[in-house]
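Fair warning: this is a prediction, and the values are worked out from it, not measured in the lab. All heavy atoms count here, side chains included; hydrogens, waters and symmetry mates do not.
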Amino acid sequence: MLKNVALLITLIYSTALLTVSLLTLKDLPNIGVSFADKIFHCGAYFILGGLWFATFAFNFKIPSRKSMVYAALISITFGIIIEVLQDTMTVSRALDVYDILANTAGVLLAIGLCYLKYGKKVKKT
């Protein structure tokens, strides 16, 4: 099923992530974990990286290893752009290097799992 709708799901998720990232978030419950925000960033970008991999590999039929590289580059760049937009376009959000690191960690975890599952099946040319 994911193979047929990966692009649509990826675009919807990317748009939702962009929207949530640029909104002013007030009155969020405190869950008592000082780095909960970084865990959210890591998880959100883990999903984003996996979705972009699925889009490239399944919808566009790009070989797995290239799909991993493309997914990582797009997802990490997307995260950096959002952080810059938060700093320049909002008054309540600011650029945070640790958010960028958490985003990147999530993407790399997703790509690492994709490599374990799909990376070894590709013939070297």
Side-chain angles (χ1 to χ4, degrees):
M1 174 69 180
L2 178 63
K3 293 179 181 182
N4 298 328
V5 294
L7 178 60
L8 179 63
I9 292 170
T10 302
L11 293 176
I12 290 169
Y13 185 82
S14 298
T15 303
L17 191 56
L18 174 66
T19 303
V20 168
S21 296
L22 295 178
L23 288 176
T24 300
L25 301 174
K26 296 187 231 175
D27 303 325
L28 289 177
N30 184 356
I31 61 172
V33 179
S34 62
F35 53 89
D37 174 54
K38 304 312 175 234
I39 294 170
F40 170 77
H41 278 267
C42 189
Y45 280 80
F46 176 87
I47 294 168
L48 184 69
L51 287 172
W52 276 113
F53 168 77
T55 297
F56 289 125
F58 303 137
N59 281 108
F60 297 127
K61 309 289 189 230
I62 296 173
S64 294
R65 290 188 183 171
K66 282 186 180 181
S67 292
M68 289 176 218
V69 171
Y70 294 162
L73 289 174
I74 285 178
S75 300
I76 292 169
T77 302
F78 184 76
I80 293 169
I81 290 170
I82 285 179
E83 287 298 318
V84 170
L85 290 175
Q86 285 179 340
D87 198 47
T88 59
M89 293 184 63
T90 67
V91 293
S92 63
R93 309 292 289 267
L95 186 144
D96 185 350
V97 173
Y98 294 113
D99 285 350
I100 293 171
L101 292 175
N103 297 347
T104 301
V107 171
L108 294 178
L109 283 170
I111 299 306
L113 285 177
C114 291
Y115 179 78
L116 290 175
K117 175 128 175 102
Y118 300 103
K120 299 175 188 204
K121 295 180 182 180
V122 178
K123 290 181 183 177
K124 291 184 180 182
T125 55

Evaluate the side-chain contact (heavy atoms from CB on, under 4.5 Å) criterion for residues Val107 and Phe46: first the C-alpha distance (whole Å), next the side-chain angles of each, then the deciding distance (0.1 Å), finally the verdict. CA-CA 5 Å; Val107 171; Phe46 176 87; over 6 Å; no
List the residues meeting side chain to side chain donor-acceptor pair (under 3.5 Å) with Ser67, not counting sequence neighbours, and say none if there are none.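 Side chain to side chain donor-acceptor pair (under 3.5 Å) list for Ser67, sorted by chain: empty.
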Passing candidate, side chain to side chain contact (heavy atoms under 4.5 Å, CB included) with Phe78, options Ile82, Ile76, Ile80: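 Considering Ile82, Ile76, Ile80, a side chain to side chain contact (heavy atoms under 4.5 Å, CB included) with Phe78 is found only for Ile82.
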Given Leu7, Ile9, Leu8, the one that forms side chain to side chain contact (heavy atoms under 4.5 Å, CB included) with Leu11: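 That would be Leu7.
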Ion pair present between Arg93 and Asp99, side-chain N to carboxylate O less than 4.0 angstrom?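 Answer for the salt bridge query: no.
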For the backbone of [Y] and the side chain of [X], can you confirm whether one donor and one acceptor N or O come within less than 3.5 Å of each other?
{"X": "Glu83", "Y": "Ile100", "result": "no"}
{"X": "Ser64", "Y": "Gly119", "result": "no"}
{"X": "Thr10", "Y": "Leu51", "result": "yes"}

Out of curiosity, [X] [atom1] to [Y] [atom2], how far, rounded to the nearest 0.5 Å?
{"X": "Ile47", "Y": "Leu109", "atom1": "CD1", "atom2": "CG", "result": "12.5 Å"}
{"X": "Ser75", "Y": "Asn103", "atom1": "OG", "atom2": "CG", "result": "9.5 Å"}
{"X": "Leu85", "Y": "Ser21", "atom1": "CG", "atom2": "OG", "result": "9.5 Å"}
{"X": "Leu113", "Y": "Leu108", "atom1": "CG", "atom2": "CG", "result": "11.5 Å"}

Fit a plane to each ring of Tyr118 and Phe58, take the angle between them on a 0 to 90° scale, and name the class: parallel (under 30°), tilted (30 to 60°) or perpendicular (over 60°).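 Ring orientation of Tyr118 relative to Phe58: perpendicular.
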For Phe56, which residues count as a ring-ring contact (aromatic ring centres under 6.0 Å, His included) partner, sequence neighbours excluded?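 Per chain and number, Phe56 pairs via ring-ring contact (aromatic ring centres under 6.0 Å, His included) with Trp52, Tyr70.
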Would you say Tyr13 and Ile81 are hydrophobically clustered, going by side-chain heavy atoms of ILVMFWY under 4.5 Å?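 In one cluster with Tyr13: Ile81, yes.
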Same apolar cluster (I L V M F W Y, side chains within < 4.5 Å links), Leu23/Ile12: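 Leu23 and Ile12: separate clusters.
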Is any side-chain heavy atom of [Y] closer than 4.5 Å to one of [X]?
{"X": "Cys42", "Y": "Lys38", "value": "no"}
{"X": "Gln86", "Y": "Leu95", "value": "no"}
{"X": "Leu17", "Y": "Tyr45", "value": "yes"}
{"X": "His41", "Y": "Asp37", "value": "yes"}

Tell me the closest heavy-atom pair linking Ala71 and Gly49, and the distance in Å.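 Looking at all heavy atoms of both residues, the shortest contact is CB-O, 3.7 Å.
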So, using salt bridge (charged side-chain N to carboxylate O under 4.0 Å, His left out) as the criterion, who are the partners of Asp87 when residues are at least two apart?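 None.
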